[in-house]
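Naming convention: chains lettered A, B, ... in sequence-line order (proteins, then strands); numbering from 1 in each chain.
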Amino acid sequence: MSTLKAVRGTRDLLPPETALWNRIEETARRVFARYNFGEIRTPVFEDTALFARGVGEETDIVSKEMYTWEDRARAASEKSQSLTLRPENTAGVVRAYIEHKLGETGQLQKLYYIGPQFRRERPQKGRYRQFSQIGAEVIGPPSSGSESPLRDAEVLEMLATLLDELGITGWTLNINSVGSSADRARYNEVLRAALKDVAPKMCVDCQRRAVTNPLRVLDCKVPEDQPYIEALPKISDSLDEESKKHFAAVTAALDAAGVPYVRNHRLVRGLDYYTRTTFEFTHGGLGAQNALLGGGRYDGLSEAIGGPKAPGIGFAIGEDRLVLTLLAQETAAAAKVDAFLAPLGEELNPAALALARELRRAGLSAELGDGSFRLKKSFEAADKTARRIVILGEDELASGILTVKDFATGTQTKVPRAELAEFLRKSSGE
RNA sequence: GCGGCUAUAGUUCAGCGGCAGAACGCCUGACUGUGGCUCAGGAUGUCGUGGGUUCGAUCCCCACUAGCCGCCCCA
């Protein structure tokens, strides 16, 4: 019988890497809280129609990457229903916003989420079929200020802060405005017309894109095509006055806050619901999937799925890519426990458990050796997992004076049992 | 979904149509309550899965699966 394995595009996360995941999530929660975001948890699967209407029927995500199944009726009173594992979380959050009438509060809603998403793509570095996103949405009725360019700038400033606090160095913020959907449609035609003459001189991919999806030409990475692309009309020239003003206000606020960014006229990627501000934080060393996070404004999304007017802006961080970046960046020293308890002889095992209980209840982390180990083996095991070793032999048990050796300094100390927790805590610098 | 590369020990990888290898890691001893260094010894394993060619396949061929790289798309 063949052995069972994690299915393609999914994987197990094991220690010590999971410690990094936890650190990232804790940092994100801490930073989000400072900006007054609250956590929202939406279901992992939703009605298929939500994504079709929200993300866009024509996007690759919806047309070929979703895990969709027919949830069949089990009783005459039930109807079967098409369900889909969420490929992203914004649509779910907006659905919940509408369902719970959060707009009726009149308050701006600032919501964040952390959780798995699912897309049936070919797996690659930084791209998995089950992947985790950390995202947030700022959404509300126009009267709550949800449409303000200040919200865009605040979100971008928060992301810059988050990446800095995570210790990600060398990120780049690319921003652009794709305007209203009418602006985008207009630009599409302008681009298509401009490409008629130029495309034949470009790569085969671009020749195809010029016809099927002109905006994608802007993503082309072929060096020879770059001069042609630079000469194409820019989307900024197709924006209406209001969108131009909005974008200028976003960049003005970023300038004032000192958040560095690059105006990238070629950043047009995104799902159907994006309007006006779009952005992406990229990082070298991620290969083809160099986007750490992406997002933008979606002023028409709520209405597209049957809700009230509720402009918003949000982003999604690829948590898997964050982990890859941090792993490549640092030689994460494995965290070590405060003490390793080494009982000398199996008859001392019970006493060792009792001592471990004392330390752990005092809030210290401890690993428990075994009395069958020879002292040398205890030392070797201890040095790998702990900062210090606490020796518990007959003498120590009888006298109540324990022997503690610190691996970093090599110093050995006799410590009365009653003072042990305090001693360990102090010499940990806590 | 398309193209390319890869799959051998816990890990990183070498290898050859004829008994399965190195380094690191692991275990044991020198060393019975003091580790890291050293020395001596030991175990690593369905050579990804299934088929084919062959006297004989880990090696050659085919298929499948998985990973990586690129395309597509996206986080």
Side-chain angles (χ1 to χ4, degrees), chain A residues 1-11 14 55-56 58-65 86-90 114-135 159 203-206 208-209 212-213 215-216 219-222 267-271 274 278-283 286-296 314-325 340 342-345 348 369 371 373-386 388-397 403-408 410-412:
Chain A
M1 189 169 23
S2 62
T3 52
L4 292 167
K5 300 188 296 187
V7 306
R8 185 170 203 199
T10 71
R11 62 216 177 104
L14 308 170
V55 178
E58 301 307 316
T59 61
D60 277 20
I61 291 179
V62 172
S63 63
K64 41 189 191 199
E65 295 176 359
R86 62 184 185 200
E88 56 96 60
N89 218 327
T90 298
I114 299 175
Q117 318 292 336
F118 307 84
R119 290 182 203 173
R120 198 180 186 293
E121 297 178 278
R122 178 104 163 222
Q124 223 177 96
K125 183 178 188 177
R127 177 202 280 176
Y128 309 98
R129 290 182 171 184
Q130 174 177 332
F131 57 102
S132 180
Q133 287 189 334
I134 300 175
L159 284 166
C203 69
V204 287
D205 283 329
C206 282
R208 176 176 44 75
R209 292 171 182 135
T212 60
N213 196 348
L215 291 182
R216 290 283 151 249
D219 287 333
C220 178
K221 292 166 195 131
V222 177
L267 179 69
V268 293
R269 44 198 358 177
L271 314 179
Y274 284 133
T278 57
F279 57 87
E280 200 174 85
F281 281 74
T282 57
H283 193 277
L286 274 173
Q289 274 66 47
N290 68 344
L292 271 178
L293 69 93
F315 61 85
I317 304 171
E319 192 175 2
D320 304 73
R321 294 181 186 176
L322 221 45
V323 169
L324 283 175
T325 303
F340 181 100
L344 297 183
L348 285 158
F373 294 174
R374 283 174 46 188
L375 190 57
K376 176 191 161 102
K377 182 169 171 175
S378 286
F379 263 84
E380 286 171 349
D383 197 19
K384 281 175 196 128
T385 57
R388 312 178 199 77
I389 185 168
V390 175
I391 296 166
L392 182 64
E394 295 292 354
D395 298 347
E396 283 82 358
L397 189 61
T403 305
V404 180
K405 185 159 184 179
D406 187 296
F407 289 120
T411 55
Q412 189 159 312

Open item on the list: Would you say R119(A) places a side-chain N or O within less than 4.0 Å of OP1 or OP2 belonging to rC73(B)?
Closed with: no
Open item on the list: Heavy atoms only, 4.0 Å cut-off, all strands: where does F315(A) land among base, sugar-phosphate and nothing?
Closed with: nothing
TODO: Could you measure between the two C1' atoms, the one in rU12(B) and the one in rU6(B), and give it in whole Å?
DONE: 15 Å
Task: Residue-phosphate contact under 4.0 Å: R122(A) side-chain N/O, rG70(B) OP1/OP2 - done: no
Task: Residue pair G410(A) / K405(A): nearest heavy atoms and the distance that separates them - done: O-CE, 3.5 Å
Open item on the list: Side chains of I317(A) and L292(A), heavy atoms from C-beta outward: is any pair under 4.5 Å?
Closed with: no
TODO: Name the nucleic acid region contacted by L292(A), choosing base, sugar-phosphate or nothing; use a 4.0 angstrom heavy-atom cut-off, strictly under.
DONE: sugar-phosphate
Open item on the list: Base of rG33(B), side chain of E396(A) - is there a donor-acceptor contact under 3.5 Å?
Closed with: yes
Task: Distance, rounded to the nearest Å, where L344(A) contributes CG and rU34(B) contributes P - done: 10 Å
- [ ] Give one of base, sugar-phosphate or nothing for S378(A), where a contact means two heavy atoms less than 4.0 Å apart.
- [x] nothing
- [ ] Provide the Watson-Crick or G-U wobble partner of rU44(B), both distances under 3.5 Å; none if there is no partner.
- [x] none
- [ ] Would you classify G345(A) as touching base, sugar-phosphate or nothing, given that sugar-phosphate means primed atoms plus P, OP1 and OP2, and contacts are heavy atoms under 4.0 Å?
- [x] nothing
TODO: Could you check how far NZ of K64(A) sits from C1' of rC2(B), rounded to whole Å?
DONE: 10 Å
- [ ] Quick one: label E88(A) by what it contacts on the DNA or RNA (base, sugar-phosphate, nothing), any heavy atom closer than 4.0 Å.
- [x] nothing
TODO: Look through every strand shown and name the nucleotide pairing with rA23(B) as Watson-Crick or G-U wobble, where both distances are under 3.5 Å.
DONE: rU11(B)
Task: G-U wobble or Watson-Crick pairing nucleotide for rG70(B) (cut-off 3.5 Å, both distances) - done: rC2(B)
- [ ] Using a heavy-atom cut-off of under 4.0 Å over every strand shown, decide if G295(A) touches base, sugar-phosphate, or nothing.
- [x] nothing
TODO: Just call it for D60(A): base, sugar-phosphate, or nothing, with non-hydrogen atoms closer than 4.0 Å on any strand.
DONE: sugar-phosphate
Open item on the list: OP1 or OP2 of rA75(B) versus the side-chain N and O atoms of R321(A): is any pair under 4.0 Å?
Closed with: no
TODO: Hey, which sits more toward the 5' end of RNA chain B by its nearest nucleotide, T10(A) or D320(A)?
DONE: T10(A)
Task: pi-stack flag for F131(A) and rA75(B), centroid dist under 5.5 Å, interplanar under 30° - done: yes
TODO: Would you mind reporting whether V268(A) and T278(A) have side-chain heavy atoms less than 4.5 Å apart?
DONE: no
Open item on the list: Please give the distance between the P atoms of rC55(B) and rG50(B) as a whole number of Å.
Closed with: 23 Å
Open item on the list: When both hydrogen-bonding distances must be under 3.5 Å and the geometry is Watson-Crick or G-U wobble, what is rC37(B) paired with, if anything?
Closed with: none
- [ ] Could you check if the base of rC19(B) is syn or anti? Syn means the glycosidic torsion is within 90 degrees of 0.
- [x] syn
- [ ] Grab the two heavy atoms, one from F407(A) and one from A386(A), that are nearest each other, plus how far apart they are.
- [x] CD1-O, 3.5 Å
Task: Salt bridge flag under 4.0 Å for residues K376(A) and E380(A) - done: yes
TODO: Might you point out which heavy atoms bring R119(A) and P87(A) nearest each other, and give the distance in Å?
DONE: NE-O, 2.8 Å
- [ ] Rounded to the nearest angstrom, tell me the gap between atom NZ in K376(A) and atom C1' in rC37(B).
- [x] 10 Å
TODO: Look at all strands and tell whether R120(A) reaches a base, only sugar-phosphate, or nothing, counting heavy atoms closer than 4.0 Å.
DONE: sugar-phosphate
Task: Base partner of rG18(B), which must satisfy Watson-Crick or wobble distances under 3.5 Å - done: rC55(B)
Open item on the list: Does E121(A) reach a base, just sugar-phosphate, or nothing at all? Heavy atoms under 4.0 Å.
Closed with: base
Open item on the list: Does rG70(B) have OP1 or OP2 under 4.0 Å away from a side-chain N or O of Q124(A)?
Closed with: yes
- [ ] For residues I391(A) and E396(A), report the shortest heavy-atom separation together with the two atoms involved.
- [x] O-CG, 3.4 Å
- [ ] Could you tell me whether the phosphate oxygens of rG25(B), OP1 or OP2, come under 4.0 Å of any side-chain nitrogen or oxygen in K384(A)?
- [x] no
Open item on the list: With a cut-off of less than 4.0 Å, is there a side-chain N or O of K377(A) near OP1 or OP2 of rU34(B)?
Closed with: no
- [ ] Report the distance from atom CZ of F373(A) to atom P of rU34(B), rounded to the nearest whole Å.
- [x] 17 Å
Open item on the list: Looking at the base of rC73(B), is there any donor atom on it, or on the side chain of R127(A), that sits under 3.5 Å from an acceptor on the other one?
Closed with: yes
TODO: Please confirm whether any donor atom in the side chain of R374(A) sits under 3.5 Å from an acceptor in the base of rG35(B), or the reverse.
DONE: no
Open item on the list: With heavy-atom distances below 4.5 Å as the criterion, would you say the side chains of Q412(A) and T403(A) are in contact?
Closed with: yes
Task: C1' atoms of rC19(B) and rU38(B), separation to the nearest Å - done: 33 Å
Task: Whole angstrom value for the distance that separates P of rU11(B) from CG of L14(A) - done: 12 Å
Task: Closest contact, heavy atoms only, E88(A) versus Q133(A) - done: CA-OE1, 4.2 Å
TODO: Would you kindly give the CD1-to-P distance between I61(A) and rC73(B), to the nearest whole Å?
DONE: 12 Å
Task: rG51(B) to rU28(B) separation - P atoms, rounded to the nearest Å - done: 40 Å
Open item on the list: Regarding L375(A), tell me which of base, sugar-phosphate or nothing describes its non-hydrogen contacts under 4.0 Å with the strands shown.
Closed with: base
TODO: Indicate, with a heavy-atom threshold strictly under 4.0 Å, whether E394(A) touches base, sugar-phosphate, or nothing.
DONE: base
Open item on the list: Does the structure show a Watson-Crick or G-U wobble partner for rA63(B), both distances under 3.5 Å? Name it, or say none.
Closed with: rU49(B)
TODO: Using atom NZ of K405(A) as one end and atom P of rG36(B) as the other, report the distance to the nearest whole Å.
DONE: 10 Å
- [ ] Would you please confirm or rule out a distance under 4.0 Å between OP1 or OP2 of rC73(B) and any side-chain N or O of R216(A)?
- [x] yes
- [ ] May I have the distance from F281(A) (atom CZ) to rC74(B) (atom C1'), rounded to whole angstrom?
- [x] 17 Å
Task: Among rC68(B), rU34(B), rA75(B), the nucleotide that comes nearest once only the side chain of K125(A) is considered - done: rC68(B)
